[in-house]
Novice: 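Supplied in structure tokens, the structure appears directly below.
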There are 2 protein chains.
Amino acid sequence: MNQSPQTAHTWQSIRAEVLRRIRAREWPPGSMIPNEADLAIELGCARATVNRALRDLAEAGVLDRRRRAGTRVAATPVRRAVLQIPVIRDEVAALGQAYGYRLLSRKLATPPPSVAATLALPEGGAALHVRALHLSGAHPFVIEDRWITPAAAPGILDADLSQVSANEWLVRNAPFTGGTLSFGAVSADDGLAALLGCLPGTALLRLDRTTSDGTQIVTAAALTYHAGYRLQTTI
Amino acid sequence: MNQSPQTAHTWQSIRAEVLRRIRAREWPPGSMIPNEADLAIELGCARATVNRALRDLAEAGVLDRRRRAGTRVAATPVRRAVLQIPVIRDEVAALGQAYGYRLLSRKLATPPPSVAATLALPEGGAALHVRALHLSGAHPFVIEDRWITPAAAPGILDADLSQVSANEWLVRNAPFTGGTLSFGAVSADDGLAALLGCLPGTALLRLDRTTSDGTQIVTAAALTYHAGYRLQTTI
DNA sequence: ATGGTATATATGTCTATACATATTAATCTC
DNA sequence: GAGATTAATATGTATAGACATATATACCAT
């Protein structure tokens, strides 16, 4: 017989109902919505369940919530997107191509001032500079240009970076907690063009990334992708 | 006297402790961690509190969780970043510049095949094509090139897009739920160069965005930013 | 061996209740 | 009326307990 329960109230279903009311303009952008307790009564569930649903929508940017002030529909909804940061080996594998890796250069050197400032190196301090090419099948995929603070990554100076990319070595051996990410477009100079197999002057997507272990910057990397590369995400 | 409670166990503090163990390599990448019930006993809090902490870390990409299988430290941590989608007016205002807007063109037309496919238009169907320039002070900031499905945005054909940008009109008047976002680099052609005030051939960051109301694609937009623009985020 | 079935287990979620905390609104004092 | 104090309120969070659900593993029959 299995009488279906008239109250299948998961937090997802509450979220769906709230979203429906927002889309239907029952709760227009900028307006207040009822408080959690009232909503819980109206929808027939516990306040914690309403809280879970509304919190989720707030994280997604659909709602603005403030203690005591209440909850209102965001004036400009969906302002956030989750970006999957490409782990190069996985990204290439997902394209169904064989992943390849070639170390181009590796040396301890004094970085240019901008990098030295980013890594917070002492005056004249040295850092490990690694350049490498990642391949998708036989085609160049991305060029990695990376500076590493040796003190923040003990063991890196002894690592064999011709076999494992610096990125993967760091992921496995240097604990890190956060960092920054920025995107821009650059024009291929002769060196980049030769390595990536494109014409000089081609517009390329470049991703700059710094990684921190909580106290210092472990590494600063620039990834310059092959011509035509697009970074995708869903809202 | 206010004896400080020896158990100030918020879910954030539990999360911090778990993160500490991961960073300290007590729980190395790829390894299993104790189950929620055991952790709750060990740390002296309720299982729900542990659940909240671990769920948060899983959303951040630090942990992989599966029912029955348990929780393990992700082999490649921190794979996700939250990207703040630029609402142009706000972005310019945050730079401390006056926001300006100029409508370049507006007409109903048959879009090129790629756009028609994206919008799922019937054969030969028309869509509204809007081009506009957004200004930061006196400087060009970004060019918006947008196609809108009229049926999905009732009222758009009567809107005065010389005063309000199509983007803002849509945000306020067309409910939407999701979409896609992709980034790439393009070379400035003569037209773009003239509008953005740069040399032809300059590498520019381009953001392509589609917006859906759940059943159909409402709009497809290409935003081409001024030379040197960088999109930033933190992990 | 092979394939299906049962069971155990870890996470996922809901509930009711209590208290914490931020912040607005009301009130009091000078 | 200006500024400080107090109360009220909505969200934020912790707890114990219960049940739901996915799935790895053990077990069984063929």
Novice: When the aromatic ring centroids of B/Phe141 and B/Tyr99 are compared, is their separation below 6.0 Å?
Specialist: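 No, the ring of B/Phe141 stays outside the 6.0 Å limit from the ring of B/Tyr99, centre to centre.
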Novice: In whole angstrom, give the distance that lies between atom CG of A/Asn35 and atom P of C/dT23.
Specialist: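 Checked: the CG to P distance equals 18 Å.
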Novice: Taking OP1 and OP2 of D/dA10, is either one under 4.0 Å from a side-chain nitrogen or oxygen of A/Thr71?
Specialist: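 No, outside the criterion.
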Novice: Rounding to an integer number of Å, can you tell me how far B/Asp38 CG sits from C/dT9 P?
Specialist: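 Rounded to the whole Å, the gap is 12 Å.
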Novice: Starting at atom CD of B/Glu36, determine the distance to atom C1' of D/dG17, rounded to an integer number of angstrom.
Specialist: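 The answer, rounded to whole Å, is 15 Å.
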Novice: Identify, between A/Pro34 and B/Trp11, the residue whose nearest nucleotide on DNA chain D lies closer to the 5' end.
Specialist: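 So the residue in question is A/Pro34.
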Novice: Could you state the CG-C1' distance from B/Leu39 to D/dT15, rounded to the nearest angstrom?
Specialist: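 Computing the B/Leu39:CG to D/dT15:C1' distance gives 17 Å.
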Novice: Quickly, which of A/Asp208, A/Thr210, A/Thr118 forms a side chain to side chain donor-acceptor pair (under 3.5 Å) with A/Thr180? Name it, please.
Specialist: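 The passing option is A/Thr210.
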Novice: CZ of B/Arg66 versus C1' of C/dA10: gap in Å, rounded?
Specialist: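 Value for this atom pair: 11 Å.
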Novice: What is the separation between atom CE on A/Met32 and atom P on D/dT9, rounded to the nearest whole Å?
Specialist: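 From A/Met32 CE to D/dT9 P: 14 Å.
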Novice: Ignoring backbone atoms, test whether A/Gln12 places a side-chain nitrogen or oxygen under 4.0 Å from the OP1 or OP2 oxygen of C/dG12.
Specialist: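 False: A/Gln12 side-chain N/O out of range (4.0 Å or more) of C/dG12 OP1/OP2.
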Novice: Quick one: is A/Thr49 getting a side-chain N or O under 4.0 Å of the C/dT13 phosphate, OP1 or OP2?
Specialist: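 Negative; the distance criterion is not met.
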Novice: Round to a whole Å and report the spacing from CZ of A/Arg65 to C1' of D/dT13.
Specialist: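 Spelled out: CZ on A/Arg65 to C1' on D/dT13 is 12 Å.
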Novice: Closer to the 5' end of DNA chain C via nearest nucleotide, is it B/Ala37 or A/Arg68?
Specialist: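 In this pair, the answer is B/Ala37.
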Novice: Please work out if A/Arg47 contacts a base, only the sugar-phosphate, or nothing of the nucleic acid, heavy-atom cut-off 4.0 Å.
Specialist: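 It contacts base atoms.
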Novice: Check each of B/Arg55, B/Arg65, B/Arg67, B/Arg52 against B/Glu36 using the salt bridge (Lys or Arg N to Asp or Glu O under 4.0 Å) test, and report the only one that passes.
Specialist: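 When B/Arg55, B/Arg65, B/Arg67, B/Arg52 are each tested with B/Glu36, the salt bridge (Lys or Arg N to Asp or Glu O under 4.0 Å) holds only for B/Arg65.
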Novice: Measure CG/B/Asp56 against P/D/dG12 and give the value in whole Å, please.
Specialist: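 From B/Asp56 CG to D/dG12 P: 14 Å.
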Novice: Evaluate the side-chain hydrogen bond (donor to acceptor under 3.5 Å, both in side chains) criterion for residues A/Arg146 and A/Thr219: first the C-alpha distance (whole Å), next the side-chain angles of each, then the deciding distance (0.1 Å), finally the verdict.
Specialist: CA-CA 7 Å; A/Arg146 183 182 294 273; A/Thr219 178; 3.1 Å; yes
